[in-house]
Amino acid sequence: MARSMCWHCQSEVTGEYFCDRCVKVQPLSKDSDYFTCFALPRLLTIDAQTLETKFYELSRAFHPDFFQRKTDAEQAISLDNSALLNTAYRTLKDPIRRAEYLVQLEAGSVKDIRTSPPADLFEEILELQEDLDDFRAACSDDQTSERDRLRAKLMDKREHLERRQQTMESDLRSLFTTWDHLQTQDDRNQAVRAEKDATLKHMREILSNRTYLRNIVNDLTATIG
Amino acid sequence: MAYSEKVVDHFNNPRNMGSFKKDEDGVGTGIVGAPECGDVMKLQIKVQNDTIVDAKFKTFGCGSAIASSSLATEWLKGKTVDEANQIKNTDIVQELNLPPVKIHCSVLAEDAIKAALADYKKKSGEQQ
């Protein structure tokens, strides 16, 4: 934790979350990100067990119940820290949200992070939505054979889409490894920086395509069961 | 948070829902998506003598996205290509009273308009 001065005794804070001298709880800095909350490096591979243990440890340390007899200032810090910690934990625990968060954090330094819209995927989605409309119409008009034909077709499509989702997720996992490796390299090296940017962009692309796919798969499931 | 009356109206009675054949003369098609929420919007214009004579949309997403594109097609009809280019997402936000979390829906509609216009220009350029 890079914090310069204790809000209470004005001594230099050397402890991670509490002042070493006056033992007062310190606010998690407003500009500390979810990784620094947990004193973690900005890596995408996180051991769930380690994260959970740290989360429980810090939850206890900041828990408002333990600050009831302290000053208003300390109570407020304990509340803010707990809230931030909960959000940080929820975000980092889930690999997808973790990746989304990291991309968003790093995007500031990446030019042109927006990916070009995947035209063929959109076409496919619109086509499927039209089939879904036809299916709904066939259901309400009691056209049994048409309904069954469309259901079979859509189920087949869904299976195909789910396989694509799995491929996307394993692609994303391999980018986790790439990113973590790049984080150990020297950032001042232009080639490293370029590769990082490319990795972030690739992750963003997979994450957005994944959202489109998830929506259409959910729509399919809601309609054909 | 409640949707404004205008959003609900467009959602329940969407104007100009449907589509044109993509390769039809004078038709420009824009398909755009919002990666944050996964909404997909298709907006088409039909142009005759530089004026948009008809517009259609199909949107798969939330109420605000549907309302934004429905409103956009209403506005597009009768406008020239250049006038259509002037439509801003903020105009849509104002008309529909969209809350801050739904502003991206209006951005999506503006993107769709721009994409449809660009597609029309590209197609008509190829024909000349």
Side-chain angles (χ1 to χ4, degrees), chain A residues 91 96-97 99-105 107 110 112-137 154 157 161-162 164-165 168 172 200-223, chain B residues 11 14 16-24 27-45 55-66 68-70 72-73 89 101-105 107-123:
Chain A
T91 308
I96 301 292
R97 292 177 75 170
E100 278 170 348
Y101 179 68
L102 180 111
V103 171
Q104 181 202 321
L105 264 185
V110 182
D112 192 25
I113 186 87
R114 272 211 170 263
T115 54
S116 54
D120 50 336
L121 181 65
F122 285 179
E123 296 280 353
E124 207 180 330
I125 288 173
L126 289 169
E127 220 170 277
L128 277 168
Q129 292 285 10
E130 262 155 47
D131 284 343
L132 272 174
D133 279 345
D134 292 345
F135 175 76
R136 289 189 196 104
L154 289 169
K157 291 272 187 189
L161 290 174
E162 280 168 345
R164 238 164 85 188
Q165 276 182 313
M168 277 185 187
L172 196 62
L200 288 169
K201 198 168 172 176
H202 197 174
M203 281 198 278
R204 160 77 51 100
E205 198 173 87
I206 294 178
L207 287 167
S208 6
N209 290 357
R210 193 188 158 276
T211 315
Y212 296 123
L213 271 189
R214 190 197 56 203
N215 280 10
I216 182 72
V217 168
N218 286 349
D219 283 354
L220 281 168
T221 304
T223 311
Chain B
F11 180 74
N16 313 307
M17 203 159 68
S19 56
F20 304 121
K21 283 212 171 61
K22 267 190 160 180
D23 44 15
E24 206 177 313
V27 167
T29 305
I31 303 176
V32 293
E36 300 83 5
C37 55
D39 289 0
V40 177
M41 190 180 281
K42 175 165 123 178
L43 193 145
Q44 292 181 301
I45 49 170
K56 293 216 178 289
F57 83 96
K58 272 196 175 178
T59 294
F60 301 95
C62 68
S64 299
I66 291 170
S68 295
S69 41
S70 170
T73 54
N89 83 292
V101 289
K102 290 295 179 183
I103 286 179
H104 70 273
C105 301
V107 176
L108 198 59
E110 187 188 321
D111 285 352
I113 294 173
K114 294 266 172 4
L117 289 168
D119 183 57
Y120 163 73
K121 282 180 186 161
K122 195 177 139 217
K123 269 172 69 182

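As the structure is a prediction and not an experimental result, all values here were calculated from the model.
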Does a sphere of radius 6.0 Å around [atom1] in [X] hold more than 12 heavy atoms from other residues, nucleotides or ligands, not counting ones at 6.0 Å or beyond?
X	atom1	result
A:E162	CD	yes
B:F11	CZ	no
B:K114	NZ	yes

Closest non-hydrogen contact found for B:V32 with A:F122 is C-CE1, 3.4 Å
What residues, two or more places apart in sequence or in another chain, satisfy side-chain hydrogen bond (donor to acceptor under 3.5 Å, both in side chains) together with B:S19?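 Expected list: none.
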Please rank A:R210, A:E130, A:R214 by heavy-atom pairs under 4.5 Å with chain B and give me the top one.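 The residue among A:R210, A:E130, A:R214 with the greatest pair count is A:E130.
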Roughly how far, to the nearest 0.5 Å, is CZ of B:F60 from CG of A:N215? 12.0 Å
Find out whether A:E123 and B:K22 are in side-chain contact, i.e. whether some heavy atom of one side chain is under 4.5 Å from a heavy atom of the other. yes
Between the main-chain N or O of B:A34 and the side-chain N or O of A:Y212, is there a donor-acceptor pair closer than 3.5 Å?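 Yes: the side chain of A:Y212 pairs with the backbone of B:A34.
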